[in-house]
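What's counted below: heavy atoms across the whole structure, side chains too, no hydrogens, waters or symmetry copies.
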Amino acid sequence: MTGVRPGPGGNDDTSASGRDNAADDPATSPWRPPRGPVVCLGETMAAMAPAPPHSLDGTESLLVSVAGAESNVAMYLADLGLPVSWLSAVGDDALGWRVRTAVERAGVDVSGVRTDPARPTGLLLKDPGAAGTRVHYYRRDSAASALGPDVLDDERLGGAALLHLTGVTPALSPSCRALVERALDTPPGRRAHAVSFDVNHRPALWPPDTAAQVLRDLADRADIVFVGLDEAQGLWGAGLTEADVRGLLSRPRVLVVKDGGRGATAFTERDVCTVPALATEVVEPVGAGDAFAAGFLAGLWRGTDLTRALRLGHITAASALKVVGDHGPLPDEGTVGAMLALAEQDWCQAPMS
């Protein structure tokens, strides 16, 4: 099903800057952050992966790219025409300069990225296989793991409309967790900018039995939250439905629950909207969730309705699914516009070529 249906009643929506949207038509105008620059904050690593269809132990060579949830979002936001900065730290090494250059080349402002002379840039290895892609991290004591709350004093945040964070960052170190805690400390109605948070649970990064409560507490304090249904079930209960997840995360102004290749549902204080995913050939799935988040955020930023914001999320995710790296090329602007304007029955039949 595509489209918006009335949701349960709630308080009037207001933006992070206090702008009142209560007079808007709730069927077409979800709460949205004010238009303005976006800041994405988190670690990006150098990534190495075999070319399809090889596995890590069966290849003669590796493809080098960059991988980081927050910089993935930043690069896709830049592709979609939004002004965006990435804040992080890299080592004073070849991989660090490669990461910085790759993100900057995508149109992202990287002038706030720190260079740490004492710590290395993180590294990950992707190992594709029949059961999915395994990821091996080499990021302990990396440059980004030493980030702390002081990064939030960066001048770029002073003029930002939206800060994007993920659940990866609080798992990296106590100082990184303190950073995210501080970013979410101010109540939504008093924030200088909105905060979006992708749960992005990475079990290998968390001590046993710690992630579920921490990630739920952090997510419930954000303005916009993204979480996979399977991810939520693994964290908070195997039988959860999308509506159950909304019950657990009731405070965010917008909650998006993604159900893999089936679709995604957005909840606001007034509405619930579900849009099916596009039929897409999957080369490698890592990075698709970040791409979806970027597309959806760009839709809200542009002031579109929930249906089109979810559609733009699916279109952007499909571009990541078709490449080995985390960042694939988007369709041209005309194609994207035509897909956003499709009738419901045509969207459900549309392949992503």
Side-chain angles (χ1 to χ4, degrees), residues 15-19 21 29-44 66 68-90 99-114 144 147 151-166 169 179 183 186 188 191-198 222-224 226 253-254 256 287 289-305 308-309 311-313 315-317 319-320 326-334 336-337 340:
S15 76
S17 62
R19 175 170 51 86
N21 290 336
S29 299
W31 172 89
R32 62 185 68 88
R35 290 175 71 99
V38 180
V39 173
C40 300
L41 195 166
E43 180 173 38
T44 294
V66 302
E70 300 84 2
S71 63
N72 286 342
V73 172
M75 289 190 284
Y76 276 115
L77 289 175
D79 289 343
L80 291 163
L82 276 66
V84 57
S85 300
W86 169 55
L87 297 182
S88 189
V90 295
V99 165
R100 187 195 300 264
T101 299
V103 179
E104 183 177 32
R105 191 182 296 126
V108 178
D109 174 14
V110 300
S111 58
V113 176
R114 303 175 180 183
L147 291 172
V151 75
L152 297 172
D153 298 327
D154 188 280
E155 62 183 10
R156 290 151 198 82
L157 273 170
L162 175 68
L163 169 64
H164 180 71
L165 302 165
T166 79
T169 302
L179 185 168
T186 304
R191 288 176 184 150
H193 49 257
V195 180
S196 65
F197 184 83
D198 191 333
D223 297 284
I224 305 166
F226 301 91
R253 303 175 192 265
V254 182
V256 179
D290 306 325
F292 181 96
F296 183 84
L297 291 173
L300 284 190
W301 190 90
R302 293 173 178 177
T304 190
D305 57 58
R308 291 193 179 205
R311 285 187 178 187
L312 188 55
I315 292 167
T316 311
S319 69
D326 290 359
H327 182 224
L330 290 173
D332 64 79
E333 187 174 347
V336 172
L340 294 178

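Not counting sequence neighbours, the partners of A102 by the side chain to side chain contact (heavy atoms under 4.5 Å, CB included) test are V66. Annotation: side chain to side chain contact (heavy atoms under 4.5 Å, CB included) contacts of A294 (sequence neighbours excluded): V73, Y76, L77. For S85, the side-chain hydrogen bond (donor to acceptor under 3.5 Å, both in side chains) partners at least two apart in sequence or on another chain are D109. Among residues two or more places apart in sequence or in another chain, the side-chain hydrogen bond (donor to acceptor under 3.5 Å, both in side chains) test is passed with R156 by S111, D154. For R114, the side-chain hydrogen bond (donor to acceptor under 3.5 Å, both in side chains) criterion is met by D150, not counting sequence neighbours. Residues that satisfy the side-chain hydrogen bond (donor to acceptor under 3.5 Å, both in side chains) test with T186, not counting sequence neighbours, are absent from this structure. Residues satisfying the salt bridge (Lys or Arg N to Asp or Glu O under 4.0 Å) criterion with D332, sequence neighbours excluded, are absent altogether. With sequence neighbours excluded, the residues that form a side chain to side chain contact (heavy atoms under 4.5 Å, CB included) with A160 are V39, L157. Residues passing the salt bridge (Lys or Arg N to Asp or Glu O under 4.0 Å) test with E70: none are found, sequence neighbours excluded.
Between the OG1 atom of T169 and the CG atom of L147 there is a distance of 8.0 Å, given to the nearest 0.5 Å. How far CG of L87 is from CG of L41: 5.0 Å, rounded to the nearest 0.5 Å. Note: F197 CZ to F226 CZ = 12.0 Å, rounded to the nearest 0.5 Å. With rounding to the nearest 0.5 Å, the separation of CG in L179 from CG in L165 is 7.5 Å. Summarising the geometry, atom OG belonging to S71 is positioned 13.0 Å from atom CD belonging to E104; distances are rounded to the nearest 0.5 Å. Rounded to the nearest 0.5 angstrom, R253 CZ and L300 CG are separated by 12.0 Å.
Both tests pass for R35 against the ring of W301: distance under 6.0 Å to the centre and angle within 45° of the axis.
Pairing each heavy atom of D223 with each of R191, the nearest pair is OD2-NH1, 2.7 Å. In terms of heavy atoms, A161 sits closest to P34 at CB-O, 3.0 Å. Summarising the geometry of L80 relative to R302, their closest heavy-atom pair is O-NH2, 3.0 Å, with the distance given to 0.1 Å. Contact detail for D198 and G289: the closest heavy-atom pair is OD2-O, 4.2 Å. Looking at every heavy atom in both residues, G299 comes nearest to T304 through O-CG2, 2.8 Å. Residues T166 and A69 come closest through the heavy atom pair CG2-CB, 4.0 Å.
Remark: the backbone N or O of G42 is paired with a side-chain donor or acceptor of S88 at under 3.5 angstrom. T316 places a side-chain N or O within donor-acceptor distance of the main-chain N or O of L312, the cut-off being under 3.5 Å.
Two residues are said to be in side-chain contact when any heavy atoms from C-beta on lie closer than 4.5 Å; H164 and I224 fail this criterion. V113 is listed as a side-chain neighbour of W86, based on a closest heavy-atom distance under 4.5 Å.
For the pairing with S196, the side chain to side chain contact (heavy atoms under 4.5 Å, CB included) check across V254, L162, L163 returns one residue only, L162.
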